[in-house]
Amino acid sequence: MNMVSEIFRPERVSPAGTPAALRTAVEAGTDAVYCGFRDETNARNFPGLNFSPAELTASIRFAHEHGARVLVAINTFPRAGAERLWHDAVARAEDAGADAVILADLGLVAHAAAKHPKLRRHLSVQAAASNPDVIRFWADTFDIKRVVLPRVLTVPEIAAINLEISCETEVFVFGGLCVMAEGRCSLSSHATGKSPNMNGVCSPPSHVLYKEEGADLVAELGGWTIDRTPKGVPAPYPTLCKGRFSAGDYSGHVFEDPVSLDAAQLIPPLIEAGVTAFKIEGRQRSRAYTQAVVGAFRKAIDDHVAGRPIASDMTMRLAEGQTTTAGAYKKTWR
Amino acid sequence: MTAVTASNPTLVMGPVLYNWSVDAWVDFHARVADEIDVDRVHVGEVVCSKREPFFADRLPEVIERLQRGGKTVVVDTLALVTVKRERQLVNDLAALDGVEIEINDLTPLAALDFGRRFAVSPLVNVYNEGTLTFLASRGAWSVCLPPELPLASVEVLARTGARLGVETQVFAFGRLPLAISGRCYHARIHGLAKDSCRYVCSEDPDGLEVDTLDGEAFLAVNGVQTMSQDCAVVMDELDALVAAGVGAFRLSPQTGDMGAVARAYRDRLAGRIDGTEAMARLASAGLTMPIGPSMMSRAWTPASQPGR
């Protein structure tokens, strides 16, 4: 056999909030897309987004014809007394020909492993599997093939995890940034009664109110003041953990500045750390965003594989004027 | 007097979630052992592994004192386990004899022998019957449900627990644990990094209040943990919860008179006082924070389901 030594080419996993966005991502050259059903079973349960079962079937056919895989996120925590909805979602994903399901709930993973053994299972970031022991528990007990790592780990910690586990890892490289361990945060629930875990929404638009007070524009979430900016200055969306508050003598962004994640420059060390797949956040974003960001990351990985440096300004314009951060991947973030 | 005496619910003192001084922590547990009317007591560091070494030496004596006081002792594992030392701590606890273990994430399931029983903390996501059933099959004997769950879910899970022979427990009193992070907010607020935090969280034995810019009491930070600023109280719901089969109620330690808090719950659960009297007693228990409702009684409204 004539083997040529190659630099490992990681998988790009792109968001698809709608069938149109899925086509855009596939045409922009993504290796895989992830998407969800139009209900509370997925963690981007926003109006106007997501897929009906028929749309999913057609979209998977399109993706497969173009050599891309489709991962279906069923990554909220099933409601007691209503688990059937989530069980049906897993069955529908398998019927539609999904390449994998992305699950977070222990009970749902157990159900999928027992009832749909041939359907490939990925562990959602919402399961917050943060060390080799717990990852081995998931992999050994339920034959989980890939774990999406929570955004609390540094690159060296990710490398150490990959040395001790046998399943694949996937990490977020671009987009919105949770500052809490994912799936272990009920801040949105506290402020609005709606949460990522139960409803698939965080800081939902239905609970946002902007109002003028004197010279200020006040951004409220569930009646709580999340930010206050002078009129005329662009007001950030009141995502709870990116808001400004006061604590003791401190006043400002207690949890995180209004930044988004950009780990493009960390692609080489993350590949070195054994990461299989790079994920882009943003199922709620526009097709234009999807096209631009998928293209940018395609180029970044092509450049890396070809031995070229990754352009440093590549993704900045996509962050829409927001500051970006490498988040927990760098230890100083903590 | 309205009675909630259908069963005899267990009162549980949760683990101290804050970074108290070692002396204050030892004194508190001595008081729990000798004076406070609870059946079960949790010890062990849940929030931050950097705090753990300060308490490790005194833990055996505290456990022994509590057991002599007639309490069942449960040792908690860490909530967020990433580095080797944290994994080792979890493995050591999983092998500990003579006490019960409570898991705060799923990491210990990799280390616990099949058949070793364990309790499950409110920081583990138990939202439905499937998860409860799986955990029971691995040895869970008690599950304290996440405070985010609405009453309707708690009732379903309490019935499921009764069928499986697993105690269901409700977080009934204390600042609510809302989130856990890799980042330390106490350090960040003080302009420090987590690795050089100077243990500033020890300055705030009930956590550090986070108010909105309009001065509303909103949240509290406790190192890497974010909590509600209110001390959330489950009181009006006790009848329904006991009727549904909830077997235990957790009181989460705050500074203030936890003995008075425990007596208020014990008397209320025994039907000796009504809810108004119990709330009046909590209001005069010397708490440093406002008392507020739990998340449990919010009406359950599924998010909009466009297209359905």
Side-chain angles (χ1 to χ4, degrees), chain A residues 38-40 45 47-48 52 77-81 83 105-108 110-111 128 130-134 136-137 151-153 157 179-181 183-187 189-190 193-195 197-201 204 206 224-228 244-248 250-251 254-255 328 331-334, chain B residues 80-83 86-87 90 105-107 109-111 123 125 127-135 146-149 152-153 156-157 160 176 178-185 188-189 193-195 208-214 216 218-219 221 226 228 295 298 301-308:
Chain A
R38 196 173 292 146
D39 58 30
E40 59 190 298
N45 180 26
S52 70
F77 292 79
R79 179 156 40 94
E83 289 178 295
D105 179 66
L106 188 51
L108 188 62
H111 169 87
S130 58
N131 65 69
D133 300 321
V134 76
R136 278 202 304 266
F137 159 74
R151 281 164 278 192
V152 297
L153 299 164
E157 285 166 6
V179 297
M180 307 300 177
R184 308 188 72 182
C185 177
S186 42
L187 289 179
S189 208
H190 179 63
K194 305 272 184 214
S195 78
N197 284 6
M198 296 194 301
N199 314 91
V201 295
S206 54
W224 301 94
T225 298
I226 302 300
D227 214 332
R228 197 175 253 282
R244 286 192 296 151
F245 307 102
S246 66
Y250 176 90
S251 181
V254 164
F255 303 104
K331 201 175 184 187
T332 46
W333 179 84
R334 289 171 177 172
Chain B
L80 184 61
V81 181
T82 55
V83 299
E86 294 165 346
R87 293 162 63 196
V90 167
D105 84 330
L106 299 181
T107 302
L109 291 187
L123 302 187
N125 286 334
Y127 282 75
N128 52 62
E129 306 93 304
T131 296
L132 185 56
T133 302
F134 177 83
L135 289 169
E148 182 180 64
L149 284 182
S153 292
V156 170
L157 291 170
T160 307
L176 296 172
L178 296 176
I180 196 97
S181 175
R183 173 179 262 183
C184 177
Y185 302 112
R188 177 175 161 88
I189 286 166
K194 186 181 174 190
D195 285 348
L208 174 59
E209 284 77 13
V210 174
D211 294 339
T212 69
L213 293 180
D214 294 333
E216 305 153 287
F218 188 31
L219 301 168
V221 298
T226 306
S228 66
M295 287 197 261
R298 287 205 179 111
T301 48
S304 62
Q305 296 183 23
R308 283 189 170 230

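This structure is a prediction, so every number in the text was calculated from the model and none was measured. Chain naming here is simple, since letters A, B, ... match the order of the sequence lines and numbering starts at 1 in each.
- Using a 4.5 Å cut-off between heavy atoms, A/Leu187 touches chain B through backbone and side chain atoms alike.
- Contacts of A/Ala181 with chain B are made by both backbone and side-chain atoms, with heavy-atom separations under 4.5 Å.
- Counting heavy-atom pairs closer than 4.5 Å to chain B, the top-ranked of the candidates A/Ser206, A/Ala247, A/Gly183 is A/Ala247.
- The nearest pair of heavy atoms linking A/Met180 to B/Thr226 is CE-OG1, 3.5 Å.
- The shortest distance between side-chain heavy atoms of A/Asn197 and B/Glu148 falls below 4.5 Å.
- Annotation: the span from A/His190 atom NE2 to B/Leu178 atom CG amounts to 5.5 Å, rounded to 0.5 Å.
- Contact of B/Leu208 with chain A is made through the side chain alone, with heavy-atom distances under 4.5 Å.
- The closest side-chain heavy-atom distance from B/Val81 to A/Val134 is not below 4.5 Å.
- Within the 4.5 angstrom heavy-atom criterion, only side-chain atoms of B/Phe134, from C-beta onward, approach chain A.
- Ranked by heavy-atom pairs under 4.5 Å with chain A, the first of B/Thr133, B/Thr160, B/Leu157, B/Leu80 is B/Leu80.
- From B/Thr131, atom OG1 reaches atom CD of A/Glu83 across 7.0 Å, with rounding to the nearest 0.5 Å.
- Here the side chains of A/Ser186 and B/Met295 are in contact, with some heavy-atom distance below 4.5 Å.
- Ring orientation note: the planes of A/Phe255 and B/Tyr185 are nearly perpendicular, at an angle over 60° on the 30°/60° scale.
- Chain A forms the most heavy-atom pairs under 4.5 Å with one residue out of B/Asp211, B/Thr212, B/Val156, and that residue is B/Asp211.
- Across all their heavy atoms, B/Leu213 and A/Arg244 have their closest contact at CG-O, 3.5 Å.
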Practice prompt. Determine, step by step, whether A/Phe77 and B/Leu149 satisfy the side chain to side chain contact (heavy atoms under 4.5 Å, CB included) criterion, reporting the C-alpha distance in whole Å, the side-chain angles of both residues, the deciding distance to 0.1 Å, and the verdict.
Written response: CA-CA 11 Å; A/Phe77 292 79; B/Leu149 284 182; over 6 Å; no
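- Looking at B/Glu129, both its backbone and its side chain come within 4.5 Å of chain A, counting heavy atoms on both sides.
- Looking at B/Val83, only its side chain comes within 4.5 Å of chain A, counting heavy atoms on both sides.
- A distance of 14.0 Å separates CG in A/Leu108 from OH in B/Tyr127, rounded to the nearest 0.5 Å.
- Put simply, of A/Ser130, A/Cys185, A/Ser195, A/Gly248, the one with the most heavy-atom pairs under 4.5 Å next to chain B is A/Ser130.
- Here the closest non-hydrogen pair linking A/Asp133 and B/Ala110 is O-CB, 3.3 Å.
- Heavy atoms of A/Ser251 lying under 4.5 Å from chain B belong exclusively to its side chain.
- At distances below 3.5 Å, at least one donor-acceptor pair connects side-chain atoms of B/Asn128 with backbone N or O atoms of A/Pro78.
- With rounding to the nearest 0.5 Å, the separation of CG in A/Leu106 from CG in B/Asn125 is 9.5 Å.
- For B/Leu132, no part lies near chain A; criterion is any non-hydrogen pair under 4.5 Å.
- Considering only heavy atoms from C-beta on, B/Ile189 comes within 4.5 Å of A/Val254 through its side chain.
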